[in-house]
2 protein chains.
Amino acid sequence: MKLELQIKMNPSLYLRDPEQSELGKNIIKHSIQIIHDNGFEAFTFKKLAESIGTTEAGVYRYFENKHKLLVYIISWYWGWIQFQLNYQTNNIKDPIVKLKKVITLLSTNVEDDITTGHVDESQLHQILISEGSKAYLTNHVGKDNKQEFFKPYKELCNSVGEIILECNPKYKYPHSLASTIIEMAHLQNFFMNHLPSLTDFSKSKNESEIIKYLEDLVFNTIRI
Amino acid sequence: MKLELQIKMNPSLYLRDPEQSELGKNIIKHSIQIIHDNGFEAFTFKKLAESIGTTEAGVYRYFENKHKLLVYIISWYWGWIQFQLNYQTNNIKDPIVKLKKVITLLSTNVEDDITTGHVDESQLHQILISEGSKAYLTNHVGKDNKQEFFKPYKELCNSVGEIILECNPKYKYPHSLASTIIEMAHLQNFFMNHLPSLTDFSKSKNESEIIKYLEDLVFNTIRI
DNA sequence: TATTTATGATAGTAATACTATTATTTAAAA
DNA sequence: TTTTAAATAATAGTATTACTATCATAAATA
């Protein structure tokens, strides 16, 4: 029996469920590839269709527009991270160890996970670093939020916040600190690679330095 | 004598200096207005031209494209913040007081400053919250960085980093912490207003809560 | 076998992001 | 003051993007 990890997605994000057909899976797979390679701005449904070997209209049958497709793959990523978090912190009692695991999970560029055939998690992690915030930094955040497009992100933020509270039940800003960790795990990575003078990480450009920075930040803040 | 604050801008950002003509100043003024009202995605040179009462070609004589115009107004903002920082922390000896001033400066939506006629700093602050990161989250960061588009931002980050070191000369991540403060002053504000469950700020949606969060974060981190 | 459903192929539209050209006004230099 | 140069306005045009619509065909299902 083949184990396949299925992440439950918000149906408002798509017109036809991409998990349910080969074409759909190809749309996801090639979207990740193209956005990873050229950035979201340069990504068009036409290029995507050509890369798959279908037509623009074919893609439009699955996704209303490229923004929803971006939000889809980003939601997928957060869902996957949530799964990893639950899996990796399962049975760990010490909340400090848990929180360290979370920081590492958020900061590390994972190997491609074989259990999710059409998704390259490593590329997706890179996409999140450069394009993640574009999911919500729009004029229509409010509408999107009402449709629960950001639920996986919020749930993750909540989970991290809970672990923070386990470490220090009196800490006053668990959600803000959680969103700070999540965002900074990505942003400091972007800065390290593209605007290094905004960071203090050596030329080696190693993720382990970001992890050290975040651990120092978090554990001093919650006073452990 | 009328005092006018002039922020020195990188000439690679424009084709013709917008400070040197009425049309130029109008381009800046109306750009800020439109981007503030509709977001950067919905902002086009055509709309801008119509709003000013000139033609698209007229705008293109000043700016090569809308991205450079965005980077221009964002650079202007960081230059202005740098000036405010120097001005407001001048003669203050206690670095802790200085750092608190900086956090407040970055987190507070200022009143429109009369000394800069065509720029509405309050709107600009809002733009930075929603659109600031789009200046560098592009495929061409590298190129833009080589042309020193992000110099004002880096300089500010450096100044903040220096104050952090004055507070604690042994702190290991002054630049990363500085960029974290700068980015989070904006991002927590965005979350507070649009995705409040990612924060711990009450329904009052008051900037003072962000300031408290950041002060707690920063001074615990550098162990004051 | 009939019928629904997904896909493929093609066409078309409005808007965007520009470039180019020429005429006209304004400002600076001779 | 005249000449000349520079800035602007007016108009047109192009390639690309972000879609919508239509119709034929292939595959799956009843």
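Within every chain, numbering begins at 1; the chains are lettered A, B, ... in the order of the sequence lines, protein sequences first and strands thereafter. The figures here come from the full heavy-atom set of this structure, side chains too, leaving out hydrogens, waters and symmetry mates.
To the nearest angstrom, C1' of D:dT8 lies 17 Å from CD of B:Gln20. Residue A:Leu48 contributes atom CG, which lies 14 Å from atom P of C:dT7 at whole-angstrom precision. The NZ atom of B:Lys46 sits 16 Å away from the C1' atom of D:dT16 (whole-angstrom rounding). Across the protein-nucleic acid pair, B:Tyr14 atom OH and D:dA7 atom C1' stand 17 Å apart, rounded to whole Å. When the P atom of C:dC18 is taken as reference, atom CD of B:Glu64 falls 8 Å away, rounded to whole Å. Distance, A:Asp17 CG to C:dT5 C1': 15 Å, rounded to whole Å. For A:His67 and D:dC19, the NE2 to C1' distance is 17 Å, given to the nearest whole Å. Remark: C1' of C:dT5 and CG of A:Leu23 are 14 Å apart, rounded to the nearest angstrom.
With the nearest nucleotide of DNA chain C identified for both B:Asn65 and B:Arg61, B:Asn65 has the one nearer the 5' end. For the pair B:Ala42 and A:Thr55, nearest-nucleotide mapping onto DNA chain C gives the more 5' position to A:Thr55. Position along DNA chain D of the nearest nucleotide to A:Glu41 versus B:Gly58 favours B:Gly58 as the more 5'-ward residue.
Counting non-hydrogen atoms under 4.0 angstrom, A:Tyr62 reaches the backbone sugars and phosphates but no base. Using a 4.0 Å heavy-atom criterion, one finds that A:Glu56 contacts the bases of the nucleic acid, with or without backbone contacts as well. Backbone-only engagement by A:Lys66 is indicated by non-hydrogen atom pairs under 4.0 Å involving sugar-phosphate atoms exclusively.
Geometrically, B:Lys66 does not engage B:Phe45 in a cation-pi contact, judged by NZ or CZ lying under 6.0 Å from the ring centre and within 45° of the ring axis.
For D:dT8, the OP1/OP2 oxygens have a side-chain nitrogen or oxygen of B:Arg16 closer than 4.0 Å.
In summary, the aromatic rings of A:Tyr213 and B:Tyr173 are positioned with their centroids under 6.0 Å apart. Aromatic rings from B:Trp78 and B:His125 are positioned such that their centres are separated by 6.0 Å or more.
In the set D:dA7, D:dA9, D:dA21, D:dA21 carries the atom at the smallest distance from any side-chain atom of A:Ala57. In this structure, of C:dA17, C:dA9, D:dA9, it is C:dA17 that holds the atom nearest to the side chain of B:Tyr60. Comparing C:dT16, C:dT7, D:dA7 against the side chain of B:Lys47 picks out C:dT16 as the nearest. For A:Thr44, taking side-chain heavy atoms from C-beta onward, the closest of the listed nucleotides D:dA18, C:dT16, C:dT7 is D:dA18.
Note on B:Glu41 versus B:Lys134: salt bridge recorded, some NZ/NE/NH1/NH2 to OD/OE distance being below 4.0 Å. Salt-bridge annotation for A:Lys47 and A:Glu50: absent, with no side-chain N of the basic residue lying under 4.0 Å from a carboxylate O of the acidic one.
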